[in-house]
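Keep in mind the model is a prediction, meaning the values are calculated, not measured.
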Amino acid sequence: APGDVDGDLEIAEHVIALARRHYEGSVAASRAPAGTPSAHAAALSLADCRAWAAEVFTTRALAAQVLAGGAGTGTMPLTAWAPGRAAGDELQPHELLQLAVEEYNAAITLRGELEPAQSRPLCALRVSLGICHQQLSQGDSALRQFGAAVRGLQDRANALEVQCARGGTTAQRNELESLRELLGDLHARVVECETQRACVADALVASAAPPRPGSQGGGQQ
């Protein structure tokens with residue numbers, strides 16, 4: 001039921017807000033020297049909080065679309081913790097997705113300072129961000145994120161292939177298989193995104209083109 005969904009999301013928002021404030025304080029206070037395990041763990045936890053917030057926004061965006069019955073005019077309320085928003089603000093799906101984009105970008109920045117590009121969690125964040133851009137019809141931005149994820153995951157798969165060729169462990173072989181499946185799915189998403197972008201470009205060109213003679217009923221008799 002919509003009320004149940006909204007209640008669950010509100011609880012999640014409050015929990016995330018508490019965790020976020022805690023880890024933001026830990027990172028800002030620099031209680032542990034940069035590069036130490038404690039500082040590393042605090043920054044990663046903060047990145048997780050930002051990613052969880054993005055997931056809440058995308059879930060709210062989907063709920064708003066469902067409530068609108070596909071009309072695209074539904075809204076969902078936010079609680080006070082949302083950046084730059086007041087409690088009870090009613091936001092449309094595209095506004096919620098834009099908030100998700102901001103949170104995913106923040107999470108990627110935090111993880112990107114601590115992990116290599118081949119990191120699976122980092123690549124997963126890029127895919128999620130790319131999906132948000134795709135839903136916002138921001139094809140170029142979506143493809144940039146998908147491309148970065150593909151490169152990172154492919155590098156990881158290549159390294160695992162070398163290790164597996166030398167014998168490797170069961171865990172390494174299983175991860176390599178899952179990476180190949182993931183890359184296949186991601187390549188399909190890239191093709192889908194490129195097709196959508198081309199359709200949007202064609203529509204823009206068509207709308208900008210001058211009307212043909214007689215196309216509006218004003219041709220010669």
Task: S119 side chain to E115 backbone, donor-acceptor under 3.5 Å - done: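 Looks like no, no N/O pair under 3.5 Å.
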- [ ] Measure from the side-chain N and O atoms of Q154 to the backbone N and O of R151, and report whether any donor-acceptor pair falls under 3.5 Å.
- [x]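 No; zero donor-acceptor contacts below 3.5 Å.
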Is the closest side-chain heavy-atom distance between [X] and [Y] below 4.5 Å?
X    : Y    : result
S141 : R144 : yes
T59  : L9   : yes
R111 : D48  : yes
V190 : E194 : yes
L182 : R120 : yes
Q138 : Q98  : yes
I131 : R189 : yes
T195 : E192 : no

Looking at [atom1] of [X] and [atom2] of [Y], how far apart are the two atoms once the value is rounded to the nearest 0.5 Å?
X    : Y    : atom1 : atom2 : answer
H187 : L153 : NE2   : CG    : 9.0 Å
E13  : R20  : CD    : CZ    : 11.5 Å
H133 : N105 : NE2   : CG    : 5.5 Å
R156 : L183 : CZ    : CG    : 11.5 Å
L125 : I108 : CG    : CD1   : 5.5 Å
T169 : L160 : OG1   : CG    : 8.5 Å

How close do [X] and [Y] get, heavy atom to heavy atom, and via which atoms?
X    : Y    : value
A107 : A51  : CB-N, 4.0 Å
E10  : R60  : N-NH2, 3.8 Å
A64  : L96  : CB-CD1, 4.5 Å
V101 : C132 : CG2-CB, 3.8 Å
F146 : G130 : CZ-C, 3.5 Å
A148 : R126 : CB-CD, 3.5 Å

TODO: State yes or no: do L97 and L129 share one hydrophobic cluster built from I, L, V, M, F, W and Y residues joined by side-chain heavy-atom distances below 4.5 Å, directly or via other members?
DONE: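 Linked, L97 and L129 end up in one cluster.
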Open item on the list: Please say yes or no: joined through hydrophobic side-chain contacts below 4.5 Å, possibly via intermediate residues, are L110 and Y104 part of one cluster?
Closed with: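 L110 and Y104: separate clusters.
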- [ ] Decide side chain to side chain contact (heavy atoms under 4.5 Å, CB included) for L91 and L99; before the verdict, give the C-alpha distance in whole Å, the side-chain angles of both, and the deciding distance to 0.1 Å.
- [x] CA-CA 10 Å; L91 300 185; L99 288 175; 3.6 Å; yes
Task: Modelled atom types, side-chain donor and acceptor of R173 and S178, under 3.5 Å - done: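 No, S178 and R173 have no side-chain donor paired with an acceptor closer than 3.5 Å.
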TODO: For side chain to side chain contact (heavy atoms under 4.5 Å, CB included), just list the numbers for H94 and Q135, CA-CA rounded to whole Å, side-chain angles, deciding distance to a tenth of an Å, and then say yes or no.
DONE: CA-CA 8 Å; H94 74 276; Q135 292 174 329; over 6 Å; no
Open item on the list: Let's go through V127 and Q145 carefully: what are the C-alpha distance in whole Å and the side-chain angles of both, what is the deciding distance for side chain to side chain contact (heavy atoms under 4.5 Å, CB included) to 0.1 Å, and is it a yes or a no?
Closed with: CA-CA 6 Å; V127 172; Q145 296 302 324; over 6 Å; no
Task: salt bridge (charged side-chain N to carboxylate O under 4.0 Å, His left out) between R180 and E161, worked out - done: CA-CA 11 Å; R180 286 170 174 166; E161 283 179 352; 3.3 Å; yes
- [ ] Give the intermediate values and the outcome of salt bridge (charged side-chain N to carboxylate O under 4.0 Å, His left out) for residues R50 and E55.
- [x] CA-CA 9 Å; R50 304 301 292 262; E55 290 176 13; over 6 Å; no
